[in-house]
Amino acid sequence: MKSIILAAGYATRLRPLTEHTAKPLLPIAGRPMIDIICDKIVEVDEVEEIHVVTNHRFAPSFTAWAGARADRVPIAVHDDGTLSNDDRLGAIGDIQFTVERAGLAGDDLLVVAGDNLFDFSLADYVRFW
């Protein structure tokens, strides 16, 4: 199983907080929100890879974040090439982009929004699924 984290939004309603920082990289209790999401994903034994899809504007920040994170699961960052809300691909478009770019066709996918916090176990959810 592979996981895709959708993190390509521009979070314009949160400006100025998101002027220079992607929403999933904003700190919650001293850690980027996406760290908390990845902790939940890594608890799922079946997940072999995490793919973060982001926009061109924030891709360098996500690449730096992924390079500093050490997990049993490798993290790949994919720049969808968009520059603004006007040319964004949307959630479905970014899933398709990532599936095609990373060669994930036919794999089971656990897709998680990069800007949603939750406290339930994804491992329990996958067992249920």
Side-chain angles (χ1 to χ4, degrees):
M1 176 182 295
K2 311 300 190 297
S3 182
I4 298 175
I5 299 176
L6 301 173
Y10 290 88
T12 57
R13 291 177 295 191
L14 282 177
R15 286 189 180 153
L17 288 175
T18 55
E19 188 67 38
H20 302 290
T21 305
K23 187 167 32 169
L25 292 172
L26 290 173
I28 304 290
R31 299 177 65 208
M33 184 182 336
I34 196 169
D35 268 351
I36 299 164
I37 294 167
C38 282
D39 291 349
K40 294 290 190 180
I41 293 170
V42 170
E43 290 175 3
V44 180
D45 292 335
E46 293 86 352
V47 172
E48 302 166 331
E49 300 170 1
I50 297 173
H51 296 268
V52 178
V53 60
T54 187
N55 58 56
H56 188 68
R57 181 175 177 194
F58 292 122
S61 298
F62 280 102
T63 299
W65 162 82
R69 188 170 165 92
D71 273 317
R72 70 164 183 83
V73 178
I75 298 173
V77 175
H78 304 281
D79 177 351
D80 72 5
T82 66
L83 297 170
S84 72
N85 266 343
D86 297 330
D87 66 351
R88 69 179 183 232
L89 302 179
I92 300 302
D94 275 321
I95 292 169
Q96 180 180 2
F97 169 81
T98 305
V99 166
E100 290 172 0
R101 179 159 187 195
L104 304 179
D107 286 323
D108 288 333
L109 299 175
L110 176 62
V111 179
V112 180
D115 61 355
N116 285 228
L117 288 178
F118 51 91
D119 61 359
F120 61 86
S121 167
L122 286 177
D124 289 345
Y125 176 75
V126 168
R127 275 191 292 277
F128 167 77
W129 171 59

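These figures come from a predicted structure and were not determined experimentally.
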Flag, side chain of [X] to backbone of [Y], donor-acceptor distance under 3.5 Å:
{"X": "D71", "Y": "V73", "result": "no"}
{"X": "T18", "Y": "A11", "result": "yes"}
{"X": "T54", "Y": "A7", "result": "yes"}
{"X": "R88", "Y": "G9", "result": "no"}
{"X": "N55", "Y": "L83", "result": "no"}
{"X": "K40", "Y": "D119", "result": "yes"}

Looking at [atom1] of [X] and [atom2] of [Y], how far apart are the two atoms once the value is rounded to the nearest 0.5 Å?
{"X": "I75", "Y": "T63", "atom1": "CD1", "atom2": "OG1", "value": "11.0 Å"}
{"X": "D107", "Y": "S3", "atom1": "CG", "atom2": "OG", "value": "12.0 Å"}
{"X": "M33", "Y": "D35", "atom1": "CE", "atom2": "CG", "value": "11.0 Å"}
{"X": "I41", "Y": "E49", "atom1": "CD1", "atom2": "CD", "value": "12.5 Å"}

(Q) Let's go through V53 and L89 carefully: what are the C-alpha distance in whole Å and the side-chain angles of both, what is the deciding distance for side-chain contact (heavy atoms from CB on, under 4.5 Å) to 0.1 Å, and is it a yes or a no? (A) CA-CA 11 Å; V53 60; L89 302 179; over 6 Å; no

**Q.** Min side-chain heavy-atom separation P32-T21 under 4.5 Å
**A.** no

Q. Less than 4.5 Å apart, any side-chain heavy atom of T82 and any of F97?
A. no

Find out if a path of hydrophobic residues (ILVMFWY) with successive side-chain heavy-atom gaps under 4.5 Å connects [X] to [Y].
{"X": "V44", "Y": "L117", "value": "yes"}
{"X": "L109", "Y": "I50", "value": "no"}
{"X": "F128", "Y": "L110", "value": "no"}
{"X": "M1", "Y": "I37", "value": "yes"}
{"X": "V77", "Y": "I36", "value": "yes"}

Heavy atoms from other residues, nucleotides or ligands near [atom1] of [X] exceed 12 (cutoff 6.0 Å):
{"X": "I92", "atom1": "CD1", "value": "no"}
{"X": "R72", "atom1": "CZ", "value": "yes"}
{"X": "F118", "atom1": "CZ", "value": "yes"}

Q) Given V126 and V47, is the side-chain contact (heavy atoms from CB on, under 4.5 Å) satisfied, shown in steps? A) CA-CA 10 Å; V126 168; V47 172; over 6 Å; no

(Q) Please verify the inter-ring angle class for H51 with H78; under 30° counts as parallel, over 60° as perpendicular, anything in between as tilted. (A) parallel

Q) Aromatic rings F62 and W65: how do their planes relate, parallel, tilted or perpendicular, breaks at 30° and 60°? A) perpendicular

Q) What is the minimum heavy-atom distance between G114 and I5, and which atoms define it? A) CA-CG2, 3.6 Å

Q | Minimum heavy-atom distance between H20 and R57, given as atom pair plus value | A | N-NH2, 4.4 Å

Q.
Under 4.0 Å between a side-chain nitrogen and a carboxylate oxygen: does that hold for R101 and D94?
A. no

Q: Would you check, one step at a time, whether the test side-chain contact (heavy atoms from CB on, under 4.5 Å) holds for D87 with H56?
A: CA-CA 11 Å; D87 66 351; H56 188 68; over 6 Å; no

Q: Might you work through the salt bridge (charged side-chain N to carboxylate O under 4.0 Å, His left out) test for R127 and D45, ending with a clear yes or no?
A: CA-CA 10 Å; R127 275 191 292 277; D45 292 335; over 6 Å; no

